[in-house]
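Reading through the structure tokens given below for one structure.
Source: prediction; values computed, not measured. Numbering starts at 1 and runs along the sequence shown.
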Amino acid sequence: IRDQQSFLELLRLGEAHRHAANTKLNTESSRSHALLMVHVKRTVKGREPAHSSDNGNSTSVARSLRPPLVRKGKLVVVDLAGSERIDKSGSDGHTREEAKSINLSLSALGKCINALAENSAHVPVRDSKLTRLLRDSFGGTARTSLVITVGPSPRHRGETASTIMFGQRAMKVENMLKLKEEFDYKSLARRLDIQLDKLIMEHERKQKAFEVEIERITAEAQNRISEAERNYADAVEKERLKYQKDHMESIKKLEEKWMMNQQNQGNERKEQMVHIAEEVAEVKKLLSKETSLRKAAEEEVDNLKSQLAQLKMSEASANSEILKLRKMVEDEVCQKEKLEGEISMLQSQLLHLSFEADETRKRLDRGGPGKVPGGLDSPVSQVRSQLKDSGNGEKASVAKLFEQVGLQKILSLLEAEDADVRIHAVKVVANLAAEETNQQKIVEAGGLKSLLMLLGSSEDETIHRVAAGAIANLAMNEKNQELIMSQGGISLLSTTASHAKDPQTLRMVAGAIANLCGNDKLQTKLRGEGGIKALLEIVKCGHPDVLAQVARGIANFAKCESRASTQGSKTGRSLLIEDGALPWIVQNANSDASPIRRHIELALCHLAQHEVNAKDMISEGALWELVRISQDCPREDIRTLAHRTLASSPDFIAGLKRLRIDY
């Protein structure tokens with residue numbers, strides 16, 4: 001249910017199925033039990049553990065890895081029909097059988113209550129449908145309330161005492177209340193996938209930023225090293241020239257002083273020698289200072305060289321990573337070339353297989369048109385029966401290709417850019433869909449979605465014909481029918497039919513829609529999306545095979561409507577009559593082609609089953625055809641159905657009298 005109105009509709013439907021009868025004990029005695037079961041699921045949000053961690057990151061990670069809780073609950077409201085004695089109630093016939101069934105289920109419930117009250121090892125909950133449905137209500141995990149009803153009459157003292165003892169035994173049963181919670185791992189998986197994608201993107205961004213930073217640091221280090229080497233060389237050269245010049249000037253001065261001292265007296269010579277010695281000592285100090293400065297400069301150069309070596313090592317590791325990436329790219333290129341080779345080989349195999357299929361179809365066409373098979377089989381089933389006798393070689397080729405290549409690769413070729421490759425691929429898929437064992441595999445691999453996409457995107461008539469035939473085969477399965485409807489299959493088939501000119505394409509499209517018409521659950525949706533109008537547009541082709549498929553679809557639709565009206569789930573006129581299909585049905589009811597006539601006769605009988613359609617059928621002349629069917633139809637079951645319909649409808653009986661038809 002989705003809202004309150006749908007819930008009330010379900011309650012009214014359940015109430016309509018209940019049955020009451022008049023007995024000696026009760027004028028409106030219930031002849032069945034009534035159960036209302038409501039299942040509720042709710043996601044619990046914001047529930048956290050009591051303890052907290054000091055590390056905020058670990059807490060957030062643990063919170064993101066915790067799956068959400070889903071609570072499940074069930075409400076069961078049961079109205080048990082009262083047990084009764086046959087001699088008091090006076091039940092007979094069908095009412096007696098209903099009383100037996102009611103007493104039997106109540107007896108099974110009493111046995112279960114007794115077993116639980118006595119702590120028996122075995123509780124016979126499987127003895128009745130009632131006890132199986134209520135197993136959680138007694139001795140289970142549910143909260144249970146029991147209301148018993150007794151009468152004040154002394155005549156029913158025995159039933160009153162039995163009912164009170166039953167309630168007393170039920171009070172001894174203890175239920176263990178339990179809150180049912182489950183983890184929603186699917187939503188956790190989706191959340192983790194999103195978080196993983198974010199982490200991967202963040203890692204790639206940081207990796208790229210790191211590589212850019214490495215390149216920048218390398219370039220900056222190289223510039224600094226070259227500038228330092230250049231400055232060091234200039235400084236050393238300047239210092240060398242300066243010291244050399246100072247040294248030469250000092251020597252020259254010393255020589256001049258020495259010559260002068262040689263001419264002076266001894267005392268003066270001694271003083272000069274002392275002064276010279278002091279100057280020499282000062283020069284030595286200057287030389288030692290310059291030597292220490294030179295050593296410091298050399299140490300700085302060595303440090304810069306070691307930094308340069310480290311940068312070169314990091315550059316070498318980066319180059320090795322680049323080589324690894326290049327190798328991975330080369331491996332990917334080789335893998336791509338290998339896949340392209342496999343695709344070319346697959347295309348050649350598909351071309352060969354398509355050639356064999358075309359040759360087989362040409363041989364079938366030269367064999368002449370055969371008789372249209374009877375029943376409600378689809379056109380693809382007719383092709384399958386022909387290929388069974390004359391196309392064993394083609395089937396073997398398809399099976400061999402299916403085993404060697406695989407279904408996924410074949411389906412991938414449906415999206416190829418080459419039109420010939422798409423045509424051959426859809427032919428192979430259609431041949432595989434003709435076998436029931438392959439249909440489920442095709443749907444699970446996405447083949448149905450690809451075929452519907454081809455109908456909407458391709459303009460090739462051959463692709464439309466073969467794809468519609470494959471969809472018709474897949475539409476023979478009820479689950480596949482719902483998938484076709486949910487993916488807009490009816491709209492695509494209607495559009496294909498409106499643009500098709502080849503009768504074979506129209507036959508395949510009509511066969512697919514006819515298979516969908518046989519599903520009770522899709523009646524309203526199929527009509528709303530234009531399925532009935534598409535069939536009525538297809539009849540303009542006039543080809544007998546196409547008309548046979550249209551008649552089959554109308555018969556299937558009318559049969560489902562008749563079943564729904566009988567069950568009470570449908571009221572009002574037939575959707576076929578509202579869409580204007582009745583004139584065409586009456587016009588082709590006496591067709592020369594036996595498949596068309598048989599389906600139309602069956603459709604008329606099913607439409608006549610519902611009294612609301614009687615006036616429209618009489619005004620359109622369908623009454624004459626029903627009389628003819630009841631007398632001249634070769635099939636006894638259709639003839640009997642028409643006779644019973646005419647005899648049970650007041651409107652048809654009045655119409656026969658008015659038209660003075662002896663029946």
Side-chain angles (χ1 to χ4, degrees), residues 43 45-69 183-237 293-343 406 408-409 412 415-417 446:
T43 302
K45 298 181 180 180
R47 181 173 175 179
E48 299 293 339
H51 60 83
S52 60
S53 176
D54 295 336
N55 192 350
N57 295 328
S58 62
T59 304
S60 61
V61 172
R63 186 183 299 110
S64 63
L65 294 179
R66 185 179 301 106
L69 289 175
F183 290 112
D184 190 0
Y185 289 102
K186 292 184 179 179
S187 60
L188 176 63
R190 290 193 295 269
R191 187 163 68 244
L192 291 180
D193 288 338
I194 295 173
Q195 187 175 359
L196 180 61
D197 294 338
K198 290 182 179 178
L199 292 176
I200 291 174
M201 292 175 63
E202 182 68 18
H203 175 71
E204 291 178 352
R205 186 184 64 78
K206 290 183 178 180
Q207 184 69 21
K208 187 175 180 180
F210 175 74
E211 293 176 356
V212 172
E213 185 68 18
I214 288 294
E215 292 178 357
R216 187 186 64 78
I217 293 174
T218 303
E220 184 179 353
Q222 289 178 353
N223 293 333
R224 291 178 61 185
I225 290 171
S226 60
E227 184 178 358
E229 289 179 348
R230 187 167 56 252
N231 293 335
Y232 173 73
D234 294 340
V236 168
E237 183 67 20
L293 290 174
R294 184 172 181 177
K295 288 182 179 180
E298 289 177 353
E299 290 177 356
E300 185 177 359
V301 170
D302 293 335
N303 291 331
L304 292 175
K305 287 183 179 180
S306 63
Q307 292 179 4
L308 178 62
Q310 292 178 357
L311 291 174
K312 288 182 178 180
M313 290 176 63
S314 63
E315 182 179 2
S317 63
N319 292 332
S320 64
E321 291 292 332
I322 293 172
L323 291 175
K324 290 181 181 179
L325 292 175
R326 288 179 179 174
K327 186 175 180 182
M328 291 174 63
V329 171
E330 291 174 357
D331 293 339
E332 291 291 333
V333 171
C334 294
Q335 186 69 17
K336 182 179 179 181
E337 293 176 353
K338 184 177 179 182
L339 291 175
E340 290 177 351
E342 291 180 359
I343 291 174
Q408 198 64 41
K409 291 185 178 179
S412 64
E415 302 176 1
E417 297 180 357

- Message: What verdict does the salt bridge (charged side-chain N to carboxylate O under 4.0 Å, His left out) test give for Lys295 and Glu299, after you've listed the backbone C-alpha separation in whole Å, the side-chain angles of each residue and the deciding distance to 0.1 Å?
- Response: CA-CA 6 Å; Lys295 288 182 179 180; Glu299 290 177 356; over 6 Å; no
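Distance check: Asn303 CG to Leu308 CG gives 12.5 Å after rounding to the nearest 0.5 Å. Remark: Leu192 CG to Asp197 CG distance equals 11.0 Å, nearest 0.5 Å.
In Glu300, the CD atom is not crowded: 12 or fewer heavy atoms of neighbouring residues, nucleotides or ligands sit closer than 6.0 Å.
Residue pairs meeting the salt bridge (charged side-chain N to carboxylate O under 4.0 Å, His left out) criterion with at least one member in residues 207-234, sequence neighbours excluded, are Glu213-Arg216, Arg216-Glu220.
Every residue two or more places apart in sequence or in another chain that forms a side chain to side chain contact (heavy atoms under 4.5 Å, CB included) with Asn319 is listed here: Glu315, Ile322. Every side chain to side chain contact (heavy atoms under 4.5 Å, CB included) that Ile200 has, sequence neighbours left out, goes to Leu196, Glu204.
The pair Glu202-Lys198 fails the salt-bridge criterion, with no side-chain N (NZ, NE, NH1 or NH2) lying under 4.0 Å from an Asp/Glu carboxylate O.
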